[in-house]
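Shown next, in C-alpha cells, is the structure this report addresses.
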Amino acid sequence: MTTVLKLGGSVITEKETPETVDDAALQRASAALGGSSGRLAVVHGGGSFGHHYAASHGVSTTAGTRDDVAIREIHGAMKRLNAAVIDALVETGVPAVPVHPFSGAYRRSDGTLRFPEGAVATTLEEGFVPVLHGDVVAHATEGATILSGDELVVALAEALSADRVGVCSAVSGVYDADGEVIAHIDSFDDVAAAVGASDETDVTGGMAGKVRTLLSLDAPASVFGVDGLGAFLDGDDPGTRIG
Ligand SMILES: Nc1ncnc2c1ncn2[C@@H]1O[C@H](COP(=O)(O)OP(=O)(O)OP(=O)(O)O)[C@@H](O)[C@H]1O
Ligand SMILES: C=C(C)CCOP(=O)(O)O
C-alpha cells in the first residue's frame, strides 16, 4: 500500500506570520504519522515560508522570475521548513529524509511538469519516508515558477501508482456555501461558487486551486483537517473525497 500525503502549509505554519512554524500542529500531525504503516511519501506546502517570498517577488505557478535572488530566497525558505518538518517526524520515529524538488523537477515551456521519480521510488522501496515540498522550479522560457505541493502530490501519486492520496489542510474538508463539509466532489463546476482562494497569502490558488488540481488525479483523494489525519492513516475516508 503506497500513500501520498500532503501536510498543508496552512496546518504546519502560522500562515500570516513569515517563517513561523505552528509547533503544536506540526507535533500533532507528526504523532499521527508516527503510528502509520506501509509506504508513505509526504509532501508539505509553503505556508508562511514559501508564499511570502513568492508573493514579494511576484512569482506564481505561471508568472516566472529570472532573478536568482528570488529563487534562492523561495527555495531557501522551503528548505528551512522542510528541515523543521523532518525534525518533528524524526522525533516520533518516522524515518524521514529530505527530497528537494528544485534539484530534479522542471517545467516545459507549456507549463507541464517533469518530475523524475526514481530517487523517491527507490527511497520508498528502501523503507524511508521521503519528505518533499512545494518549491520553485526551473521553467523553460519563463525562468522559474512555483510548483505547489498539491501539483506535486498529483505527479507523485501518478508516478508511484499510489493507492491513497490525502491532503491535510487547515479546514475539515471543502465547505459548501452553507459552511458544511461536502462529502464528495467529482466536478469543479458543481463547487465553483463555494470554493475560493486562501484566506492568507497564497500564490497557488487556495482551496479552488487544490480542488482543480486534485480532480486531475486518477486515484481518489481526500481533503481533511488535522483532526482527520489519524482516521485517514487508519484507512478511513474523512473530510471531502475528490474524484
Ligand atoms: N469552500 C472552501 N472550503 C474550505 N476552504 C476554503 C474554501 N474556499 C476557500 N478556502 C480557503 O482555502 C484554504 C485552504 O487552502 P490553502 O492553499 O491555504 O491550504 P494548504 O494547502 O493547507 O496551505 P499551503 O498552500 O500553504 O500548503 C482554507 O484555509 C480556506 O482559507
Ligand atoms: C510557495 C511555495 C514555494 C510552495 C507552494 O506550495 P503549496 O503551499 O502547496 O501551494
Side-chain angles (χ1 to χ4, degrees), residues 4-22 25-26 29 42-65 70-82 85 100-102 105 113 132-137 139 144-156 166-183 185 188 190-214 221 223-226 228-229 239-240 242:
V4 176
L5 173 74
K6 182 185 174 196
L7 294 177
S10 64
V11 179
I12 58 172
T13 74
E14 292 177 17
K15 209 159 166 180
E16 269 316 273
T17 313
E19 296 216 28
T20 307
V21 173
D22 183 335
L26 179 56
V42 175
V43 175
H44 64 78
S48 62
F49 285 73
H51 289 283
H52 284 272
Y53 291 104
S56 72
H57 289 289
V59 192
S60 70
T61 53
T62 52
T65 181
I71 294 173
R72 285 193 300 274
E73 278 191 8
I74 299 165
H75 181 65
M78 289 308 302
K79 281 205 300 192
R80 290 191 284 282
L81 178 56
N82 185 253
V85 172
H100 303 303
F102 180 73
L113 177 69
L132 300 89
H133 51 86
D135 207 347
V136 60
V137 290
H139 185 150
T145 51
I146 299 300
L147 166 63
S148 80
D150 299 327
E151 192 182 347
L152 187 54
V153 159
V154 168
L156 257 187
V167 174
C168 179
S169 192
V171 284
S172 318
V174 184
Y175 300 133
D176 65 17
D178 299 322
E180 299 291 326
V181 172
I182 302 169
I185 297 172
F188 187 79
D190 292 351
V191 297
V195 294
S198 175
D199 294 340
E200 320 286 355
T201 306
D202 190 296
V203 301
T204 54
M207 191 54 81
K210 199 180 299 304
V211 171
R212 268 187 204 285
T213 307
L214 293 174
V223 176
F224 47 81
V226 73
L229 180 54
T240 301
I242 298 187

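Counting starts at 1 for both ligands and their atoms, in listed order.
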Protein heavy-atom partner closest to [atom] - residue, atom, separation in Å:
{"atom": "atom 17 (O) of ligand 1", "value": "D202 OD2, 2.9 Å"}
{"atom": "atom 9 (C) of ligand 1", "value": "A197 O, 3.1 Å"}
{"atom": "atom 2 (C) of ligand 2", "value": "I146 CG2, 3.8 Å"}
{"atom": "atom 6 (O) of ligand 2", "value": "G149 N, 3.3 Å"}
{"atom": "atom 2 (C) of ligand 1", "value": "Y175 N, 3.8 Å"}
{"atom": "atom 18 (O) of ligand 1", "value": "K15 NZ, 2.7 Å"}
{"atom": "atom 27 (O) of ligand 1", "value": "G9 N, 2.7 Å"}
{"atom": "atom 6 (C) of ligand 1", "value": "M207 CB, 3.4 Å"}
{"atom": "atom 1 (C) of ligand 2", "value": "G50 C, 3.5 Å"}
{"atom": "atom 14 (C) of ligand 1", "value": "S169 OG, 3.6 Å"}
{"atom": "atom 22 (O) of ligand 1", "value": "S10 OG, 2.5 Å"}
{"atom": "atom 3 (C) of ligand 2", "value": "I74 CG2, 3.5 Å"}
{"atom": "atom 10 (O) of ligand 2", "value": "T204 OG1, 2.5 Å"}

Would a distance-only check, ignoring hydrogens and angles, find a side-chain to backbone donor-acceptor pair under 3.5 Å from [X] to [Y]?
{"X": "S48", "Y": "T17", "value": "yes"}
{"X": "H133", "Y": "H44", "value": "no"}
{"X": "D178", "Y": "E180", "value": "no"}

Suppose I only count heavy atoms of [X] and a 4.0 Å limit; which atoms of ligand 1 are within that range?
{"X": "G45", "value": "27 (O)"}
{"X": "G47", "value": "26 (O)"}
{"X": "H51", "value": "24 (P), 25 (O), 26 (O)"}
{"X": "V174", "value": "3 (N)"}
{"X": "G46", "value": "26 (O), 27 (O)"}

Under 4.5 Å between any side-chain heavy atoms of [X] and [Y], yes or no?
{"X": "L81", "Y": "I12", "value": "yes"}
{"X": "V211", "Y": "I242", "value": "yes"}
{"X": "T61", "Y": "T145", "value": "no"}
{"X": "L229", "Y": "L7", "value": "yes"}
{"X": "F188", "Y": "V195", "value": "yes"}
{"X": "F224", "Y": "V181", "value": "no"}

Testing the basics here: between [X] and [Y], what is the closest heavy-atom pair and its distance to 0.1 Å?
{"X": "Y175", "Y": "A194", "value": "O-CB, 3.6 Å"}
{"X": "I74", "Y": "G50", "value": "CG2-O, 4.4 Å"}
{"X": "V174", "Y": "T240", "value": "N-OG1, 2.8 Å"}
{"X": "T204", "Y": "S148", "value": "CG2-CB, 3.5 Å"}

Flag the pair D150 and R212 as a salt bridge only when some basic side-chain nitrogen lies within less than 4.0 angstrom of an acidic carboxylate oxygen.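 No salt bridge links D150 with R212.
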
Between [X] and ligand 1, does any nitrogen or oxygen pair lie at a separation below 3.5 Å?
{"X": "K210", "result": "yes"}
{"X": "G196", "result": "yes"}
{"X": "V171", "result": "no"}

Ligand 2 N/O within reach of G46 N/O, cut-off under 3.5 Å: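 Yes, there is a polar N/O contact under 3.5 Å.
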
K6 N/O to ligand 2 N/O under 3.5 Å: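 Yes, since at least one N or O of K6 sits under 3.5 Å from an N or O of ligand 2.
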
Is there a heavy atom in G209 that sits closer than 4.0 Å to ligand 1?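 Contact absent.
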
If you measure from each heavy atom of K6 to ligand 1, is any distance below 4.0 Å?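 Yes, K6 has heavy atoms under 4.0 Å from ligand 1.
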
Going by the atom numbers of ligand 2, which of them fall below 4.0 Å from some non-hydrogen atom of S148?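 Under 4.0 Å from S148, ligand 2 has these atoms: 6 (O), 9 (O), 10 (O).
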
List ligand 2 atoms under 4.0 Å from G45, heavy atoms only on the residue side.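 What qualifies from ligand 2 is 7 (P), 8 (O), 9 (O).
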
Could you label the plane-to-plane angle of the H75 and H100 rings as parallel, tilted or perpendicular, counting under 30° as parallel and over 60° as perpendicular?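 Geometry flag for H100 against H75: perpendicular rings.
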
Mind checking the CG-CG spacing from N82 to L132? Nearest 0.5 Å is all I need.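 Separation between the atoms: 8.0 Å.
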
Are any of the heavy atoms in H44 under 4.0 Å away from ligand 2?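 H44 does not count as a contact of ligand 2 under the 4.0 Å cut-off.
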
